[in-house]
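Just below is one structure, and these are the notes that go with it.
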Amino acid sequence: MKRFIITGITAAVLSLSGCTGNKKEENYLKSIEKEINKSVEDFNNNPVYKLTEKTIDTTDDKHLMEIVFFYLSKEITNYNKEFEIVSSWNKSKQAIYITEIWEAEVNNGGHNQFYANSSGRLNEFLPDALKLIGAVKNSELAKKANETFEKENAKITQYQDGTVKGFSKSYENNPLNKYDDEFYDLKKTENLEQLQVNFIRKHKAEFGN
């Protein structure tokens with residue numbers, strides 16, 4: 001998803017610039033890093049991302065989720081404290097942030113990825129968050145996935161040793177896999193993005209600053 005691309009590129013550049021021994025490559029990577037940092041700074045200072053009720057009213061449905069999620073993400077100043085920060089928000093902010101994280105993770109790597117990543121700690125809020133925005137069927141799915149993750153945690157995580165190989169192996173006969181199929185089937189009957197957009201517009205006072 002494009003909202004995560006800038007951070008990923010910056011991290012990659014920083015990593016590469018610390019690994020190469022070639023001076024020309026180092027200078028080139030530093031120049032790219034500088035350009036990216038400037039782009040991020042300009043992006044952050046863009047008035048459209050100073051979220052207000054007026055911004056919500058004047059943003060079309062196609063871009064509203066992107067803007068609101070970006071605004072919420074900016075409040076996560078330390079991802080080691082993501083759970084604590086999100087827990088302190090009002091229910092409306094929690095609902096949009098958590099449902100968007102869940103949808104993005106499952107689309108990218110299934111429920112196995114969602115629970116394996118740090119944001120998976122937010123799973124306890126997920127069923128209520130989905131129900132709050134009107135995604136009742138997805139809420140029931142999330143509830144079942146949570147119960148399976150708790151009951152079969154040892155089996156699900158047995159190969160997750162911090163390596164790519166271990167994580168890849170953890171998909172084999174994973175009891176969470178069946179919920180991925182159900183998630184994609186529900187796209188036909190519950191449009192999560194439209195439900196999120198409708199919810200934001202109805203509760204815009206709880207998002208603006």
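Checked by atom type, the side-chain pair N174/E152 shows no donor-acceptor distance below 3.5 Å. The closest side-chain donor-acceptor pair between E150 and N146, if any, does not fall under 3.5 angstrom.
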Query raised in the report: Going through the distances and angles, do Q196 and V68 end up as a side chain to side chain contact (heavy atoms under 4.5 Å, CB included)?
Result: CA-CA 10 Å; Q196 290 166 325; V68 172; over 6 Å; no
Report task. Start with the C-alpha distance between S170 and N112, add both sets of side-chain angles, then the distance that settles side chain to side chain contact (heavy atoms under 4.5 Å, CB included), and finish with yes or no. Result -> CA-CA 8 Å; S170 71; N112 189 43; 3.0 Å; yes
Quick one: side chains of residues 128-141, donor-acceptor pairs under 3.5 Å with protein atoms, not counting sequence neighbours, listed by atom name and distance.
residue, atom, partner, partner atom, Å
N138, ND2, E190, OE1, 2.7
S139, OG, P127, O, 2.7

Listed pairs under 3.5 Å, donor-acceptor, residues 84-92 side chains, sequence neighbours left out:
residue, atom, partner, partner atom, Å
S87, OG, F83, O, 2.6
S88, OG, I85, O, 2.6
W89, NE1, E75, OE1, 3.0
N90, OD1, S92, N, 3.0
N90, OD1, K93, N, 2.8
N90, ND2, E206, O, 3.2
S92, OG, E206, OE1, 2.6

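As a member of the Ile/Leu/Val/Met/Phe/Trp/Tyr network built from side-chain separations under 4.5 Å, F167 groups with Y171.
Scanning for side-chain contact (heavy atoms from CB on, under 4.5 Å) contacts around N117 gives E105, Q113, with sequence neighbours left out. Residues forming a salt bridge (Lys or Arg N to Asp or Glu O under 4.0 Å) with D57 (at least two apart in sequence, or on another chain): K204. Considering only residues two or more places apart in sequence or on other chains, E182 meets the salt bridge (Lys or Arg N to Asp or Glu O under 4.0 Å) condition with K144. Scored by the salt bridge (Lys or Arg N to Asp or Glu O under 4.0 Å) test, E172 finds K169 as partners (sequence neighbours excluded). Listed by chain and residue number, W102 satisfy the ring-ring contact (aromatic ring centres under 6.0 Å, His included) test with F183 (two or more places apart in sequence, or in another chain). Applying the salt bridge (Lys or Arg N to Asp or Glu O under 4.0 Å) criterion to K81, with sequence neighbours excluded, gives no partner residue. For Y79, there are no ring-ring contact (aromatic ring centres under 6.0 Å, His included) partners, not counting sequence neighbours. The side-chain contact (heavy atoms from CB on, under 4.5 Å) search around T163 returns D161, K165, not counting sequence neighbours. In terms of the side-chain contact (heavy atoms from CB on, under 4.5 Å) criterion, residue partners of Q158 (sequence neighbours excluded) are, by chain and number, K155.
Residue L176 comes nearest to A145 through the heavy atom pair CD2-O, 3.8 Å, listed as atom of the first residue, atom of the second, then distance. Closest heavy-atom contact between I56 and R201: O-NH1, 2.7 Å.
Interatomic distance, CD of E66 versus CD of E100, reported as 9.5 Å (0.5 Å rounding).
Ring geometry for Y115 versus F149: interplanar angle under 30°, hence parallel rather than tilted (30 to 60°).
Aromatic ring centres of H203 and F199: separated by under 6.0 Å. The aromatic ring centres of F207 and Y71 sit 6.0 Å or more apart.
Y97 has its side chain within reach of E82: a pair of non-hydrogen atoms, C-beta onward, lies under 4.5 Å apart.
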